[in-house]
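Numbered from 1 within each chain, the chains take letters A, B, ... in sequence-line order. Treat the numbers as computed from the prediction; the structure is a model and nothing was measured.
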4 protein chains.
Amino acid sequence: MEESKPDKREAILQATMELVAEHGFHDAPCSLIAERAGVAAGTIYRYFENKDVLIVTLYRELETRINAALEEGYTQEKPFRERFMHLVTGLLKFFITHPQEFKYVEQFHNSPYGVAFRRDRIINHSEECGVYGELFKQGMAQQVLKDLPLVLLFDLAFGPIVSVARNHILGFIQLDDVLIERIAAACWDSLKC
Amino acid sequence: MEESKPDKREAILQATMELVAEHGFHDAPCSLIAERAGVAAGTIYRYFENKDVLIVTLYRELETRINAALEEGYTQEKPFRERFMHLVTGLLKFFITHPQEFKYVEQFHNSPYGVAFRRDRIINHSEECGVYGELFKQGMAQQVLKDLPLVLLFDLAFGPIVSVARNHILGFIQLDDVLIERIAAACWDSLKC
Amino acid sequence: MEESKPDKREAILQATMELVAEHGFHDAPCSLIAERAGVAAGTIYRYFENKDVLIVTLYRELETRINAALEEGYTQEKPFRERFMHLVTGLLKFFITHPQEFKYVEQFHNSPYGVAFRRDRIINHSEECGVYGELFKQGMAQQVLKDLPLVLLFDLAFGPIVSVARNHILGFIQLDDVLIERIAAACWDSLKC
Amino acid sequence: MEESKPDKREAILQATMELVAEHGFHDAPCSLIAERAGVAAGTIYRYFENKDVLIVTLYRELETRINAALEEGYTQEKPFRERFMHLVTGLLKFFITHPQEFKYVEQFHNSPYGVAFRRDRIINHSEECGVYGELFKQGMAQQVLKDLPLVLLFDLAFGPIVSVARNHILGFIQLDDVLIERIAAACWDSLKC
DNA sequence: TATGAATGAGAGTTCATTCAT
DNA sequence: TATGAATGAACTCTCATTCAT
């Protein structure tokens, strides 16, 4: 009796993440999601209006978890470069310790869902408001970072991270703390003045 | 009349690229591909064993075209950094002038097809054999580039390029020659010793 | 406190009538009925064995209400034609002042439920026993009405009434007292010798 | 090789009519329609965009057949009453010799489809243009028929016919030529001045 | 007595693939 | 060689009904 209600909601989200991570949005039919979640197919629709809503909701929750992980131990007091390294290595470590979360987020970005989603965000300038946005804007103001459009700074910093994480997860490279540090440093090199 | 027939093959490949680029692998049903290619649905199966084969074949052909574009004007005689810049800016320019090709390649990478495909390639070390592989290996040998696993050099160099290209194509940033040069320079910064 | 509970029973019947009248038997799911009745879905099954029983029960109750309305002010003392006119105009007026009841009854008749229901009734000759049945049999006996099978007299008298009521309710015609009188008179013309 | 192509289209329409006539729009699922038509479920969608289109198309075709049947032997030369009788008895005879067509048309009228359909027609005044519309307007002009809105003349003439046809088909009455003539005469009585 | 979360069969529809022509 | 009508398995989603609380 210990377990609270929204058990099933969680189970459905978890099953969705696993299946999409493993097989892509294709081959993650509702029937399989339900089966893996240990619920009936119809039950999905008590918690999520339809499959699209399920998929977007899951993405939002993962993003929240990622942000929470990154903000842990992050403090304005540290020197600029250290803060950058904290965030970049943090993100990379989160990805490689949460391969399913990573794969899901990647799949999401490369799908009609993801494009529409990002479009909204960019139009609303909400990207500039996150931890990273603040950091980068500050860096440019202090002339520590190259003076480039914010979007490009993101690309330079995270493009490699995502790429590296994918290769680690697929087993094409084996990361360790030293390597992670060197990768983050290389990202720093590409951004710094 | 020499190559009269392969008309239809080309048309099918072109239609597939367009549809996948515009709508994703979902919503690129064979019926639509056939319609846009101006052939009957059954005709697809004369040229390609099944849809998977069509998709992989198309990817291979696009890759070949990309490589051809990059090798144009590329010569071992130029200084190392110049050769690097040639390849990186060349890739970025190809992507933003060929948005459908870019989108297709991206879709492909983020799909079960793409993973299996790359796995083969990495295991066979064929990645090391391309223009880029040669360049990077040479750069490490000459201690111009950071001493990192080849895979990671790829990630550092191309992760940002792909990311930037995507944002340009989605309209989130407007690239011009100056910007492209600066982005390539930033990539160089992240790779060089 | 005598009939405190049947609150919910009433609410369910009322909700069913409204929804079926508005949207047809389709699109009147139990969940919606429950919601509009302000009860839980499961509660429906305390009062009605299943949905079919609910639907038939509601029909019976509506019929009872219609008969009650018609018998009001009806008396054997008045001349024959007057009694006929009383019933026919009464029915038409009831329908157009109770559009939901009308629509429900119509829906019911045109459904598998309705056919089985009427079959029972006709086989048991119960149709002959209502107010109308008595009136018509009397009319034939007195050679005021055409000598036709009772069923046909019903069709001649009520076929037009139902049709007219439907058109009024759908807004295709706007009835008033004069028009109602003329319609009833036309029905009389078709029945009288 | 004798049978032409649209075999399957016909079979689907026929199966739909039979199933709807027998069981109502409920219980006429696509799977059953396909099975009875001797085609695969997917085949329905080669001929009809969706189930709604199938249902409306079938209605339109039945209506065309009914009109064709009525116009047969109809001529402006005959006296007015004779023409009226021709149409009314013709309709009734068509209905009782085509019980499935009749049931389908009835089901259709009493459904969301039918209401929307008729609304269009009345708004466009197309009802006035049919054989019946012309006849009734002429009758009013010549002061042979009661001066009532056209819609009501339809109700008075056809309300009973539909009702009688239903009862015959359900087996509640057994019509013959004499009875049909008397019913049509009664309709005439209700319309004539 | 009343609840409403859960069920799962079945609805309409899509689409990769086949095969008679 | 090319066609495109036909297939039928699989998809997302609905809903009458049940049952633990």
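Distance alone, capped at 3.5 Å, is enough to place a donor-acceptor pair between the R119(C) side chain and the L170(D) backbone. Side chain of Y104(A) to main chain of I55(A): a donor-acceptor pair is present (N/O by atom type, distance under 3.5 Å, no hydrogens or angles).
If you measure from atom CD1 of I33(B) to atom P of dG4(F), you get 17 Å, rounded to the nearest angstrom. Across the protein-nucleic acid pair, F48(A) atom CZ and dC13(F) atom P stand 13 Å apart, rounded to whole Å. Per the geometry, CG belonging to D27(C) stands 10 Å off P belonging to dA16(F), to the nearest Å. Spacing between atom NZ of K51(B) and atom P of dT18(E) amounts to 14 Å, rounded to whole angstrom units. Atoms NE2 (H23(C)) and P (dC15(F)) sit 12 Å apart, rounded to a whole Å. Between the OH atom of Y47(A) and the C1' atom of dC13(F) there is a distance of 17 Å, rounded to whole Å. In this structure, CZ of F25(C) is placed 19 Å from C1' of dT14(F), rounded to the nearest angstrom. I55(B) has its CD1 atom 9 Å from the P atom of dA16(E), to the nearest Å.
Exactly one of H23(A), R36(A), Q100(A) qualifies for a side chain to side chain donor-acceptor pair (under 3.5 Å) with E18(A). That residue is R36(A).
Sequence order on DNA chain F of the closest nucleotides to R46(D) and A28(C) puts R46(D) first from the 5' end. For Y45(C) and G38(B), each mapped to the nucleotide of DNA chain F holding its nearest heavy atom, the one lying further toward the 5' end belongs to G38(B). Judged by closest nucleotide on DNA chain E, G42(C) is the one of G42(C) and A41(B) placed further toward the 5' end. The 5' end of DNA chain E is approached more closely, in terms of each residue's nearest nucleotide, by A40(C) than by the other of A40(C) and E49(B).
Relative ring orientation between F108(A) and Y113(A) is described as parallel, the plane-to-plane angle staying below 30° on a 0-90° scale split at 30° and 60°.
Between A28(C) and L19(C), the shortest heavy-atom distance links the atoms CB-CB, 4.0 Å.
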>> With side chain to side chain contact (heavy atoms under 4.5 Å, CB included) as the criterion, how do I66(A) and E101(A) come out once you've worked through the C-alpha distance, each side chain's angles and the decisive distance to 0.1 Å?
In response: CA-CA 9 Å; I66(A) 292 172; E101(A) 280 81 350; 5.7 Å; no

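In this structure, Y59(A) has its ring center closer than 6.0 angstrom to the ring center of H109(A).
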> With Watson-Crick and G-U wobble geometry limited to distances under 3.5 Å, how should the secondary structure of DNA chain E be encoded in dot-bracket form, using | for bases paired to another strand and [ ] for crossing pairs?
Replying inline: .||||||||||||||||||||

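When the side-chain nitrogen and oxygen atoms of K8(B) are compared with OP1 and OP2 of dA2(F), one or more of them lie within a distance under 4.0 Å. Distances shorter than 4.0 Å separate some side-chain N or O of T43(D) from OP1 or OP2 on dT7(F). A close approach under 4.0 Å does occur between a side-chain nitrogen or oxygen of S31(D) and OP1 or OP2 of dA11(E).
Among the protein residues, C30(C) comes within range of the nucleic acid bases, having at least one heavy atom under 4.0 Å from a base atom.
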